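Order of the sequence lines fixes the chain letters, A, B, ..., with proteins taken first and strands second; residue numbering starts at 1 for each chain. All values below come from the heavy atoms of this structure, side chains included, with hydrogens, waters and symmetry mates left out. Nothing here was measured: the structure is a model prediction, and the numbers come from that model.
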Amino acid sequence: MTVENEYLEKRRKKILQLREEGINPYNNTFVPSHSHNEIVDKYKDFDNSNFTSDNFMYKIAGRVIAIRSFGKSAFIKTIDNITKFQIFISNDSVGKEKMDFFKKFIDIGDFIGVEGKCFFTKTNELSLEANDITIITKSLNTLPEKWHGLTNIETRYRQRYVDLISSDKVKEIFLLRSKTISNIRSYLSKKGFLEVETPILQNVAGGAAAKPFKTYHNTLDMDLFLRIAPELYLKRLVVGGLERIFEIGRNFRNEGISTQHNPEFTMVELYQSYSDYKKMMSLVEELIINCVDLVSVDRKLIYQDENIDFNPPWEKVDMIKWLSDNLGYDVLSETEELFKEADKLGMNHFGLPGRAITEIFETKFLINKFNPVFVCGFPVDVSPLARRNDADSRIVDRFELFINGKEIANAFSELNDPDDQLDRFRKQIELKQMGDEEANDMDADYINALRYGMPPTAGAGIGIDRLVMLLTNSSSIREVILFPHMRNE
RNA sequence: GGGCCGUUAGCUCAGCAUGGUAGAGCAACUCCCUUUUAAGGAGUGGGUCGCAGGUUCGAGUCCUGCACGGCUCACCA
């Protein structure tokens, strides 16, 4: 007998026996009258000292996660959603026959239905004294050990269902993720933003610098790409007259996997007409603080070993000015010096000063930057979709938000000059021919849209996974994604 | 992709430096036990030691290769 069979066989036998006795081990007739949480909430002001039986009969359902048996009585711990609840069962409460049934057939992991009245134990724990007990769903597999739970990271991710059963902490992370997204949605809705959905399967994967996933449509007989960003479609909608819009959705980038990167990740991208990157800064600040307020009373978080203070106003730094000051020369004009510095650091800048500036800046500036900081004013050659600064056409009106040294948001005043946009796309194509796999492709239809006129608009994208990492103190992005991608076993 | 680390019972882990019949706790099974909180007590069963080679009289242990995973560096949000 293999080990797998030792457990499975025993429980399979119980299922057979149950069926023989006319009991459906996968019963769908039990209707609970209350959730665990509803009962806990109802008696929250009571304890041993002030509670007298109210004779109210409850019907509750849940998964058995622990059994402490004394022979003629037992305590059963069940869980529904996130609330644990204790059931007391004994010969006196259900009768010897039902008690024997319980001892013979009910295992840890099973879903059971119980009917009974509430009482407080000697140790003041609200419990239900069972008058009746029934099996709702038999479980064949054994749950992980009660004390350590499931700690093997690989198994946790591959079998997230077991992880969720055995860890409150994991459940809390995903509850907070859900709350965060709801919060963002309601914040933007209140500000008059309309939620929209744009194609994930795209002809041209544009709107960001990234390598796309390629797929194929049979009937249309054409290659398609999974979107790397919704940006160009959202701005088409702004052209169409939807002046405040957002989309919360998945982007796909065919790149490395790390504690900060999953091949598919969730962003909220939003566009606001008659705004600019400076106003967008305030909006992003407010939106993120709103999310921090979900978990912190003083807008401070401890992330790993660092304290992060989200109280506004957040630091703002001008990239070009900071780097010029620190290197001792004007990085926009002294390109020879700049490239020497970049080559020293082994950077692949494709002869673009902007690439070198951005990369050198990030390596030098982000050290020991834990609090939120807006990095403003990017070189035009790393920002093919952003509006040029009115005073200096070599830079664009753009910011990136870094928290704990990690990029959380990217935003800019949108480029709405179709001729400039066309030139930018052409430069991107040159770069692609030079071997830059992440350069944008030409999107002729997007140019066509801009030719109808797009009102001045600011846009922002916020990485939701990374935000949730901060809020839940998770060191890896996989901790905040239910099913992170893994190699086949 | 590089470096370092890991993979032993359903789960959590010892065992490996120095090769000699595979260990514990939880879970399971049999008993005792009617207020427990990782309940307690007595007993029993459970293993292709990630996979494949090699060295050796003998490998969980040493060597090589591979797979999967973790951390980290590089690229990216």
Side-chain angles (χ1 to χ4, degrees), chain A residues 1-11 13-14 48 65-77 84 86-94 96 99 103-104 107-109 119-125 127 129 139-159 162-163 165-166 207-211 228-229 251-267 269 345-348 359 362-363 400-403 406-410 436-438 461-467 469 475-479 484 486-489:
Chain A
M1 186 187 269
T2 68
V3 172
E4 187 188 59
N5 281 336
E6 183 194 338
Y7 293 92
L8 277 176
E9 286 297 320
K10 274 172 184 159
R11 293 201 181 186
K13 245 178 223 165
K14 290 186 187 180
N48 240 334
I65 53 168
I67 297 172
R68 287 183 283 274
S69 175
F70 298 86
K72 295 188 185 66
S73 74
F75 288 96
I76 308 166
K77 195 73 102 180
K84 290 172 185 162
Q86 180 165 274
I87 290 148
F88 180 70
I89 185 171
S90 69
N91 280 358
D92 293 343
S93 75
V94 292
K96 188 173 183 309
M99 191 66 192
K103 283 191 277 189
K104 189 171 173 191
D107 294 304
I108 290 169
F119 74 105
F120 283 84
T121 63
K122 280 179 184 168
T123 49
N124 248 333
E125 180 164 346
S127 306
E129 184 169 15
S139 166
L140 288 172
N141 287 335
T142 53
L143 290 179
E145 193 221 357
K146 60 190 164 194
W147 188 240
H148 301 90
L150 185 62
T151 62
N152 182 291
I153 293 173
E154 184 175 354
T155 314
R156 286 186 45 228
Y157 296 160
R158 289 190 196 275
Q159 301 184 38
V162 183
D163 195 26
I165 293 168
S166 54
K211 288 175 242 175
I228 55 173
N251 295 328
F252 305 84
R253 300 189 183 175
N254 206 342
E255 286 159 359
I257 293 177
S258 76
T259 51
Q260 305 291 319
H261 302 85
N262 195 60
E264 51 182 301
F265 65 102
T266 303
M267 279 206 347
E269 213 165 277
L345 295 164
M347 284 165 181
N348 199 0
E359 292 197 27
E362 287 185 8
T363 56
E400 283 188 348
L401 170 66
F402 289 84
I403 305 175
K406 304 286 186 331
E407 186 184 340
I408 297 295
N410 181 19
D436 181 2
E437 291 180 89
E438 290 171 359
I462 302 170
I464 287 181
D465 311 275
R466 288 187 179 173
L467 178 60
M469 284 171 72
S475 62
S476 166
I477 198 166
R478 293 177 209 111
E479 291 294 337
M486 303 196 111
R487 237 181 263 272
N488 284 334
E489 280 174 284

- Message: Side-chain N or O of Thr142(A) versus OP1/OP2 of C11(B): is the shortest distance under 4.0 Å?
- Response: no

- Message: Please report the distance separating the C1' of U21(B) from the corresponding atom of C32(B), rounded so that it comes out in whole Å.
- Response: 35 Å

- Would you mind classifying the nucleic acid contact of Phe119(A) as base, sugar-phosphate or nothing, using non-hydrogen atoms under 4.0 angstrom? base

- Query: Touch check for Lys211(A), heavy atoms < 4.0 angstrom, all strands: base, sugar-phosphate only, or nothing?
  - Reply: nothing

- Please check the phosphate of C29(B) (OP1 and OP2 only) for any side-chain N or O of Lys10(A) closer than 4.0 Å. no

- Task: Using a 4.0 Å heavy-atom cut-off across all strands, classify Thr151(A) as base, sugar-phosphate, or nothing.
- Result: sugar-phosphate

- Nearest-nucleotide comparison on RNA chain B, the residue closer to the 5′ end among Asp107(A) and Gly71(A): Asp107(A)

- Give Lys122(A) one of three labels, base, sugar-phosphate or nothing, depending on what nucleic acid heavy atoms sit under 4.0 Å from its own. base

Scan nucleotides 69-73 of chain B against the protein and return all N/O pairs shorter than 3.5 Å with their distances rounded to 0.1 Å.
from: G69(B); atom 1: OP1; to: Arg487(A); atom 2: N; distance (Å): 2.7
from: G69(B); atom 1: OP2; to: Arg487(A); atom 2: NE; distance (Å): 3.2
from: G69(B); atom 1: O4'; to: Glu154(A); atom 2: OE1; distance (Å): 3.0
from: G70(B); atom 1: OP1; to: Arg478(A); atom 2: NH1; distance (Å): 3.3
from: C71(B); atom 1: OP2; to: Arg478(A); atom 2: NH1; distance (Å): 3.0

- For Gly461(A), answer base if it contacts any base atom (sugar-phosphate contacts may also be present), sugar-phosphate if it contacts only those atoms, and nothing otherwise; contact means non-hydrogen atoms under 4.0 Å. nothing

- Task: Give Glu438(A) one of three labels, base, sugar-phosphate or nothing, depending on what nucleic acid heavy atoms sit under 4.0 Å from its own.
- Result: sugar-phosphate

- Those residues at least two apart in sequence (or on a different chain) that pass side-chain contact (heavy atoms from CB on, under 4.5 Å) with Asn124(A) are Asp47(A), Asn48(A), Phe120(A)

- Rounded to whole Å, the CZ-P distance (Phe120(A) to U36(B)) equals 16 Å

- Task: Would you kindly compare Phe88(A) and Lys77(A) by the position of their nearest RNA chain B nucleotide and give the one closer to the 5′ end?
- Result: Phe88(A)

- May I ask you to say what Asn262(A) touches in the nucleic acid, namely base, sugar-phosphate or nothing, with a heavy-atom cut-off under 4.0 Å? base

- Task: For Lys14(A), answer base if it contacts any base atom (sugar-phosphate contacts may also be present), sugar-phosphate if it contacts only those atoms, and nothing otherwise; contact means non-hydrogen atoms under 4.0 Å.
- Result: sugar-phosphate

- Message: According to a cutoff of under 5.5 Å between the ring centres and under 30° between the ring planes, does Phe70(A) stack with the base of U34(B)?
- Response: no

- Is the shortest side-chain N/O distance from Arg68(A) to OP1 or OP2 of U36(B) below 4.0 Å? no

